[in-house]
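A note on names: the letters A, B, ... follow the listed sequences, proteins ahead of strands, and every chain is numbered from 1.
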Number of protein chains: 2
Amino acid sequence: MQVSSPTLTRQPLYQQTAAALSEILAKTEPGSFLPSEPSLAQELGVSRSTLREAMRTFENQGLIVRRRGIGTYVTTPPKAIETGLEVLESVASMAKRMGFEVEISDLLIKESKPSAEEGSIFEIQPDHSLLTISRIVHVDGIPSAYLVDILPKCICRKISPRIRLRDPSST
Amino acid sequence: MQVSSPTLTRQPLYQQTAAALSEILAKTEPGSFLPSEPSLAQELGVSRSTLREAMRTFENQGLIVRRRGIGTYVTTPPKAIETGLEVLESVASMAKRMGFEVEISDLLIKESKPSAEEGSIFEIQPDHSLLTISRIVHVDGIPSAYLVDILPKCICRKISPRIRLRDPSST
DNA sequence: CGCAATTTGTACGTATGTATT
DNA sequence: TAATACATACGTACAAATTGC
């Protein structure tokens, strides 16, 4: 199960490996484990580093889960979809990884108080603030996704300590 | 500008490097270039691989842009925020990278026809379908973000060829 | 136009750390 | 304790893109 002939280098080896890996994942029962990295690498004829680079994609997408000391198993897919979507990975990073040109436009950040529903989702007090971040992702120039993230302002620091909002009144 | 003493290994070296790099980024004028990877690596006292692993975070966040043959420069931040937020990287991958436990719940995928506004955003025909994907991201068990992605169904295949929707009527 | 220098991207091999069984 | 599996880290080499000569 070699990945490709060494002479054809149109695509990076790790992407070719990802393609081959994709077929293996498709044939693997959800919940069951993949072979170990060394054996998989040997089977595909690539180094372990390259294999791991290829696996990275699927891990980010949440299609596989890797556990130190245990192994790597294929995720049980969510009910609504057959194989994974970008449940974990963002559309932007996914497209970028596949070699497309990615641009962000219409970035908009709003601060607001939670509605009743939002309050129940996040289990926060009504006086806490929510941030709503929306933007449009362009893939190779065409608008391809409209993304909205809603998250408590307090969480924001935890996840991304570098964030610093300007005074909203100045916009 | 060494990253840390070699004996303290509480945190992976590339994360310590990311922290050090973060300070460098903060002191770097937006739009200007960083030193080359070899020199930066030497300055920080780590290998180029480790430095690149550290840079990966910021690249995914869109804080830096790397150009082969040119160099790496710091992004001009969007108007609304002082430093970058997860404009490119999803909340989930960011949190995961920082070592938090990440779970996805309440995944919901709806198919619909575009509204007038949505049609103008995506520049598609009214008979094309839109997919609305929503889910809640839990970081270390607490609900931390509500994410909504809206994208044309036709785009979906391009970005994520592995997606395969089930018959909506069966849900 | 080609050629060389610079810079990031990819790929490999090896060694060691850490978690699980 | 030992064996296994993934995680991290290093060094090296070459490929590919860009710039300047």
Side-chain angles (χ1 to χ4, degrees), chain A residues 2-21 28 32-60 63-75 93 96-101, chain B residues 2-21 28 32-60 63-75 93 96-101:
Chain A
Q2 298 292 91
V3 161
S4 90
S5 66
T7 55
L8 292 180
T9 314
R10 322 180 308 266
Q11 224 184 359
L13 183 54
Y14 74 87
Q15 285 186 18
Q16 304 176 31
T17 307
L21 196 54
T28 303
S32 61
F33 281 80
L34 292 177
S36 74
E37 291 181 356
S39 63
L40 245 188
Q42 188 178 22
E43 183 184 350
L44 296 175
V46 299
S47 73
R48 194 182 154 209
S49 332
T50 300
L51 172 65
R52 283 180 61 79
E53 184 64 31
M55 297 177 88
R56 200 164 205 148
T57 315
F58 302 107
E59 197 204 355
N60 287 339
L63 294 177
I64 60 178
V65 177
R66 322 172 73 184
R67 293 258 177 258
R68 189 189 299 207
I70 306 284
T72 302
Y73 59 89
V74 179
T75 306
S93 4
K96 195 173 179 188
R97 169 171 282 276
M98 296 185 68
F100 298 116
E101 282 295 312
Chain B
Q2 298 292 92
V3 162
S4 89
S5 65
T7 54
L8 292 180
T9 314
R10 323 182 305 267
Q11 224 182 356
L13 182 54
Y14 74 86
Q15 285 187 18
Q16 304 176 33
T17 307
L21 195 54
T28 304
S32 61
F33 282 80
L34 292 177
S36 74
E37 293 181 356
S39 63
L40 246 187
Q42 187 179 22
E43 185 183 349
L44 295 174
V46 299
S47 72
R48 193 183 153 209
S49 334
T50 300
L51 171 65
R52 284 180 60 80
E53 183 65 32
M55 296 177 90
R56 199 164 206 148
T57 315
F58 302 108
E59 197 205 356
N60 286 338
L63 294 177
I64 61 178
V65 176
R66 323 174 73 187
R67 294 252 177 262
R68 188 193 298 210
I70 306 286
T72 302
Y73 60 88
V74 179
T75 307
S93 4
K96 196 174 181 189
R97 169 170 282 278
M98 295 185 67
F100 297 116
E101 282 295 313

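Using a 4.5 Å cut-off on side-chain heavy atoms (C-beta onward), Leu34(A) and Met55(A) make contact. For the pair Tyr14(A)/Thr57(A), no side-chain contact is recorded, criterion being any heavy-atom separation below 4.5 Å from C-beta on.
In this structure, Thr50(B) does not reach the dT8(D) phosphate: none of its side-chain N or O atoms is under 4.0 Å from OP1 or OP2.
Per the geometry, CE belonging to Met55(B) stands 7 Å off P belonging to dT8(C), to the nearest Å. Per the geometry, CZ belonging to Arg66(B) stands 7 Å off C1' belonging to dT8(C), to the nearest Å. Nucleotide dT20(C) holds its P atom 12 Å from the CZ atom of Phe33(A), rounded to whole Å. Rounded to whole Å, the distance from CD on Glu37(A) to P on dT20(C) is 16 Å. With rounding to whole Å, Leu34(B) atom CG is found 9 Å from dT8(C) atom P. Atom CZ of Arg68(B) is separated from atom P of dC14(D) by 17 Å (rounded to the nearest Å). Atom CD1 of Ile70(A) and atom P of dA3(D) are 18 Å apart (whole Å). Atom-to-atom, OH of Tyr73(B) to P of dT7(C) comes out at 17 Å; the value is rounded to the nearest Å.
Residue Arg48(A) is the one, among Gly69(A) and Arg48(A), whose nearest nucleotide of DNA chain C lies closer to the 5' end (criterion: closest heavy atom). Residue Thr72(B) is the one, among Ser47(A) and Thr72(B), whose nearest nucleotide of DNA chain C lies closer to the 5' end (criterion: closest heavy atom).
The main-chain N or O of Leu63(B) is found under 3.5 Å from a side-chain atom of Thr75(B) such that the two form a donor-acceptor pair. Panel note: side chain Glu37(A), backbone Arg52(A); no donor-acceptor pair is recorded below 3.5 Å.
Remark: Glu53(A) engages Arg56(A) in a salt bridge, criterion side-chain N to carboxylate O under 4.0 Å.
Looking at heavy-atom distances under 4.0 Å, Ser36(A) makes contact with sugar-phosphate atoms alone, never a base.
When distances are taken from the side chain of Arg52(B) to each of dG9(C), dC12(C), dC6(D), the shortest belongs to dG9(C). Between dT8(C), dT18(D), dT8(D), one nucleotide has an atom nearer to the side chain of Tyr14(B) than all others, and that is dT8(D).
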